[in-house]
Undergrad: 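Can you read through this structure? Questions will come right after.
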Amino acid sequence: MRVSRLMLVTLRDVPADAEIASHQLLLRGGFIRRVGSGIYAYLPLMWRVLQRINAIVREEMNAVGALETLLPQLQPAELWQRSGRWQGYTAGEGIMFHLDDRQGRQLGLGPTHEEVITALAGELLRSYRQLPVTLYQIQSKFRDEIRPRFGLMRGREFIMKDAYSFHADASDLQACYGAMDGAYRRIFDRCGLQTVAVEADSGAIGGAASQEFMVTAEAGEDLILMNESGSYAANLEKAVSIAPDAIPLPEGDSRSINTPGQHTIEALCSAQQLEPSQVVKVLALIARMDSGSERPVLACLRGDQELNEVKLINALTAALGEGVLDLGAVTAEQLERQGLQPWPFGALGPDLEDSRLVGARTWAPTFLRFADPTALALDRFVCGANTPDQHRWGWRWRDCQVPPQAVDLRNARAGDRCQSDPEQTLVARRGIEVGHIFQLGQKYSLAMDASFTNADGGQEALWMGCYGIGVSRLAQAAVEQHHDDAGICWPLAIAPFQVIVVVANLQDATQRSLGEDLYARLMDQGVDALLDDRQERAGVKFKDADLIGIPWRIVVGRAAADGQVELVERATRQADVLPGDAALERVLAAIAAA
RNA sequence: CGGGAUGUAGCGCAGCUUGGUAGCGCACUUCGUUCGGGACGAAGGGGCCGCAGGUUCGAAUCCUGUCAUCCCGACCA
């Protein structure tokens, strides 16, 4: 390809609406253009990158026996109603774009494809003899994100590879999950990405085990915790740890203490000369469940620890057998709306009485009470007295009339000891989630009534797994991980072109013909090569070549008179002057070795 | 949705306080000189000042509304 024909439009200035390096560089290099919030056009250079990633994904998916398909993006609401997700995905905070057709039928634009694929599998897979089957597709997904961000990192339309596997039993599902884990590691490795596989919350998608693949980068939206050896890594949502030891409360009789205006742990501790770990804090929350019921929740934590909302949501789901739509702190305004008297926020105790809820308009009349084990492990502690500006010093759990249920509710933190290997401490890293694999089990097949005849002749719901890769996000994550102050340094495997031949001075016939010759020979060898044949000064071409990140550059300049060229490796900036033939050989060898 | 910010040429910005009909750099076109790290000179082209109302003799500028985009939180590949 000749650069003069490439519609290459690079920008010198950084676009004002791009925050992170990868987003800026993709815009400046002429890879993408914003069309709307979270909506991007992939320009020819970008499309080449995406196609290369897709090719690697296809090879690895095919290698584990997955079959490529293409499912509709326009999906009837009826399918989503069958799985029970239509409401949650379209109402309120729901992320599914949806519309009515001319007949008034409701349709959704696919944010994911469990419904479609499970319905199909239910029709097509009739016998255990057909199993296992894995299907995958690469296509655009649509999600009405609450906040699109950072270019391709969180778009409302983005390219995803999604795969779904169907099995006759749980152990076969586990085997497939393991194979996908391997395939994913190979995919990211081949794309030149450094990733960490982390334990993840299975969240709204549901199911048993789940693992995320994170590209480690400062710009990442996720926080992950891992130990130094890498034997443990988890998303903050899921991470567990051994909390630091609490500092015991000094000897003394239990008593009430006046704590005027001391509504926060910090204020309380500094005024009363306490350590946060000597205090039990009680958070009052209200959970709105899938069924519409509103459940008041009391969550007790040691004063130095933070609530992990995902863990609490999971505890609620387990306790009530339904999903949580929304979870938030109880506010004074909400109490007023419920027709309740004010609560002594800042001085709540674990034994806050259910009578506080009597007469509530829409809330359930009793608290769901949970406490983190680190709080329950305290022998004597300080907590609110359920009276404004009053706390209790030296209180014990046995004093609590309504004991809470023990559930892990706290965020693990950097510096905590690792639970699986207490010798090691956890460190925090930021990550970009580029892949996620789930063992769904029978959640969707039961809901969608997708069953097969098992070896015993009985009907059984299909066992399912699902496996996603954010292809367009992965491409940008690669830039985030591979760039310098001059521009992008694409890993060879996913670079839009592998080599660029820069003719320094097009007026010079010798340079021009040597450049053309090298370019033609590269093309003959099947190398994706660019020839910068623009009537520009050499400096402009060098800047652009650096910016768009072509891994190898062959500069045909003054030394062309002696048949010499300069070979530059983009990532390392290492440059060598050598004869054209030798440069060609080196590049071909490097490409072959990769 | 809550909080913050910004909308002026393809990109980056100034002008707004104190109203008088729009400017700078880059990019683009033409000519000349230059030609290995975003050249120089000369001459050009390009703007419903986000949109709609209002105030005023007169609005990019003041007022009201509205829309869009970006950043911080809940969502996720």
Side-chain angles (χ1 to χ4, degrees), chain A residues 9-20 23-24 27-28 30 33-39 57 88-89 92-96 111-112 138-163 184 200-205 212-215 221-222 235 237 309-310 313 324-329 431-438 466-477 486-487 502-508 511 535-547 553 555-560 565-566 568 573 575 577:
Chain A
V9 180
T10 57
L11 306 174
R12 294 191 185 195
D13 295 315
V14 179
D17 56 2
E19 195 78 1
I20 62 174
H23 186 196
Q24 293 173 351
L27 286 167
R28 284 188 55 209
R33 281 281 175 157
R34 194 180 65 78
V35 173
S37 178
I39 307 172
V57 169
Y89 268 67
E93 303 278 275
I95 57 163
M96 183 154 63
T112 177
I138 300 173
Q139 64 160 201
S140 292
K141 292 283 184 281
F142 298 88
R143 293 186 187 174
D144 193 0
E145 290 286 344
I146 299 161
R147 183 147 97 86
R149 238 193 297 218
F150 301 151
L152 307 185
M153 285 297 187
R154 180 176 297 281
R156 296 197 294 169
E157 177 177 341
F158 61 96
I159 300 175
M160 177 168 166
K161 186 284 300 179
D162 50 329
Y184 271 43
D201 183 70
S202 16
I205 308 224
E212 292 167 338
F213 294 85
M214 297 283 189
V215 170
E221 294 185 273
D222 289 276
N235 195 307
E237 296 171 351
E309 286 196 17
V310 174
I313 285 170
V324 176
L325 276 178
D326 186 55
L327 178 72
I432 301 163
E433 182 186 351
V434 291
H436 200 158
I437 59 178
F438 295 86
C466 81
Y467 318 90
I469 290 178
V471 173
S472 43
R473 178 186 281 182
L474 186 157
Q476 186 171 331
V502 176
V503 179
N505 184 350
L506 272 182
Q507 325 294 6
D508 183 315
Q511 290 184 24
Q535 295 282 359
E536 291 285 353
R537 295 161 60 86
V540 173
K541 300 186 198 182
F542 295 154
K543 290 285 188 194
D544 275 344
D546 285 349
L547 178 60
R553 187 170 88 208
V555 183
V556 183
R558 294 193 193 104
V565 299
E566 187 185 35
V568 187
R573 295 186 172 179
V577 177

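Residue numbering restarts at 1 for every chain, and letters A, B, ... go by the order of the sequence lines.
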Undergrad: Do any N or O atoms of the protein come closer than 3.5 Å to N or O atoms of nucleotides 44-51 of chain B, and which pairs are they?
TA:
none

Undergrad: List for me each residue that meets salt bridge (charged side-chain N to carboxylate O under 4.0 Å, His left out) alongside A:Arg154, sequence neighbours excluded, and say none if there are none.
TA: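 Salt bridge (charged side-chain N to carboxylate O under 4.0 Å, His left out) check on A:Arg154 returns A:Glu145, A:Glu221.
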
Undergrad: Identify, with sequence neighbours excluded, every residue that meets side chain to side chain contact (heavy atoms under 4.5 Å, CB included) alongside A:Ala475.
TA: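 Here the qualifying residues are A:Met46, A:Val49, A:Leu50, A:Ile53.
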
Undergrad: Which whole number of Å gives the distance between the C1' atom of B:rC31 and that of B:rC71?
TA: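 My reading of the C1' atoms in B:rC31 and B:rC71 gives 47 Å.
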
Undergrad: Does B:rU18 pair with anything, Watson-Crick or G-U wobble, both distances under 3.5 Å, and if so, with which nucleotide?
TA: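 Pairing partner: none.
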
Undergrad: So does A:Asp546 pair up with A:Arg553, basic N to acidic O under 4.0 Å?
TA: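 Counted as a salt bridge, because a side-chain N and a carboxylate O are separated by less than 4.0 Å.
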
Undergrad: Got a sec, which residues hit side chain to side chain contact (heavy atoms under 4.5 Å, CB included) with A:Glu566, two or more places apart in sequence or on another chain?
TA: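 With sequence neighbours excluded, A:Glu566 shows a side chain to side chain contact (heavy atoms under 4.5 Å, CB included) to A:Val555, A:Val568, A:Ala575, A:Val577, given in chain and number order.
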
Undergrad: Polar-atom pairs under 3.5 Å, protein N or O versus N or O of nucleotides 33-43 of chain B: list them with distances, or write none.
TA:
{"from": "B:rU34", "atom 1": "O2", "to": "A:Arg537", "atom 2": "NH1", "distance (Å)": "2.7"}
{"from": "B:rC35", "atom 1": "O2'", "to": "A:Asn505", "atom 2": "ND2", "distance (Å)": "3.0"}
{"from": "B:rG36", "atom 1": "OP1", "to": "A:Arg558", "atom 2": "NH2", "distance (Å)": "3.1"}
{"from": "B:rG36", "atom 1": "O6", "to": "A:Gly557", "atom 2": "N", "distance (Å)": "3.2"}
{"from": "B:rG36", "atom 1": "O6", "to": "A:Arg558", "atom 2": "N", "distance (Å)": "3.2"}
{"from": "B:rG36", "atom 1": "N2", "to": "A:Glu566", "atom 2": "OE1", "distance (Å)": "2.4"}
{"from": "B:rG36", "atom 1": "N2", "to": "A:Glu566", "atom 2": "OE2", "distance (Å)": "3.4"}
{"from": "B:rG37", "atom 1": "O6", "to": "A:Arg553", "atom 2": "NH2", "distance (Å)": "2.4"}
{"from": "B:rG37", "atom 1": "N1", "to": "A:Asp546", "atom 2": "OD2", "distance (Å)": "3.1"}
{"from": "B:rG37", "atom 1": "N2", "to": "A:Asp546", "atom 2": "OD2", "distance (Å)": "2.4"}
{"from": "B:rG38", "atom 1": "O2'", "to": "A:Arg12", "atom 2": "NH1", "distance (Å)": "2.3"}
{"from": "B:rG38", "atom 1": "O2'", "to": "A:Arg12", "atom 2": "NH2", "distance (Å)": "3.3"}
{"from": "B:rG38", "atom 1": "O6", "to": "A:Arg28", "atom 2": "NH2", "distance (Å)": "3.1"}
{"from": "B:rG38", "atom 1": "N1", "to": "A:Asp544", "atom 2": "OD1", "distance (Å)": "3.3"}
{"from": "B:rG38", "atom 1": "N2", "to": "A:Asp544", "atom 2": "OD1", "distance (Å)": "3.1"}
{"from": "B:rG38", "atom 1": "N2", "to": "A:Asp544", "atom 2": "OD2", "distance (Å)": "3.4"}

Undergrad: I'd like to check the side chain to side chain contact (heavy atoms under 4.5 Å, CB included) partners of A:Arg537; sequence neighbours left out, ordered by chain and number.
TA: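 A:Arg537 satisfies side chain to side chain contact (heavy atoms under 4.5 Å, CB included) with no other residue.
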
Undergrad: Applying side chain to side chain donor-acceptor pair (under 3.5 Å), name anything that partners A:Lys161, two or more places apart in sequence or on another chain.
TA: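 Listed in chain order: A:Tyr184.
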
Undergrad: Look at the side chain of A:Arg143 against the base of B:rC75 and say whether a donor-acceptor pair falls under 3.5 Å; ignore hydrogens and angles.
TA: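 Looking at the base of B:rC75, it does not pair with any donor or acceptor on the side chain of A:Arg143 (distance under 3.5 Å).
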
Undergrad: Residues in side chain to side chain contact (heavy atoms under 4.5 Å, CB included) with A:Ala559, at least two apart?
TA: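 Once residues adjacent in sequence are excluded, the partners of A:Ala559 under the side chain to side chain contact (heavy atoms under 4.5 Å, CB included) criterion are A:Gln564.
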
Undergrad: Once you apply the 3.5 Å cut-off to both distances, tell me the Watson-Crick or G-U wobble partner of B:rA68, or none.
TA: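 Looking at the geometry, B:rA68 pairs with B:rU6.
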
Undergrad: Enumerate all atom pairs, one protein N or O and one N or O from nucleotides 68-73 of chain B, separated by less than 3.5 Å.
TA:
{"from": "B:rU69", "atom 1": "OP1", "to": "A:Ser37", "atom 2": "N", "distance (Å)": "3.1"}
{"from": "B:rC70", "atom 1": "OP2", "to": "A:Ser37", "atom 2": "OG", "distance (Å)": "2.9"}
{"from": "B:rC72", "atom 1": "OP2", "to": "A:Arg147", "atom 2": "NH1", "distance (Å)": "3.1"}
{"from": "B:rC72", "atom 1": "OP2", "to": "A:Arg147", "atom 2": "NH2", "distance (Å)": "2.3"}
{"from": "B:rC72", "atom 1": "O5'", "to": "A:Arg147", "atom 2": "NH2", "distance (Å)": "3.3"}
{"from": "B:rG73", "atom 1": "OP2", "to": "A:Arg149", "atom 2": "NH1", "distance (Å)": "3.3"}

Undergrad: Who passes salt bridge (charged side-chain N to carboxylate O under 4.0 Å, His left out) against A:Asp17, sequence neighbours left out?
TA: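 For A:Asp17, the residues satisfying salt bridge (charged side-chain N to carboxylate O under 4.0 Å, His left out) (neighbours in sequence not counted) are A:Arg34.
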
Undergrad: Applying ring-ring contact (aromatic ring centres under 6.0 Å, His included), name anything that partners A:Tyr467, two or more places apart in sequence or on another chain.
TA: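 Scan of A:Tyr467 (ring-ring contact (aromatic ring centres under 6.0 Å, His included), adjacent residues dropped) gives none.
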
Undergrad: Does the structure show a Watson-Crick or G-U wobble partner for B:rG45, both distances under 3.5 Å? Name it, or say none.
TA: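 Here B:rG45 is not engaged in any pair, so there is no nucleotide opposite it.
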
Undergrad: Using the salt bridge (charged side-chain N to carboxylate O under 4.0 Å, His left out) criterion, which residues pair with A:Lys141? Sequence neighbours excluded.
TA: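 Listed in chain order: A:Asp162.
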
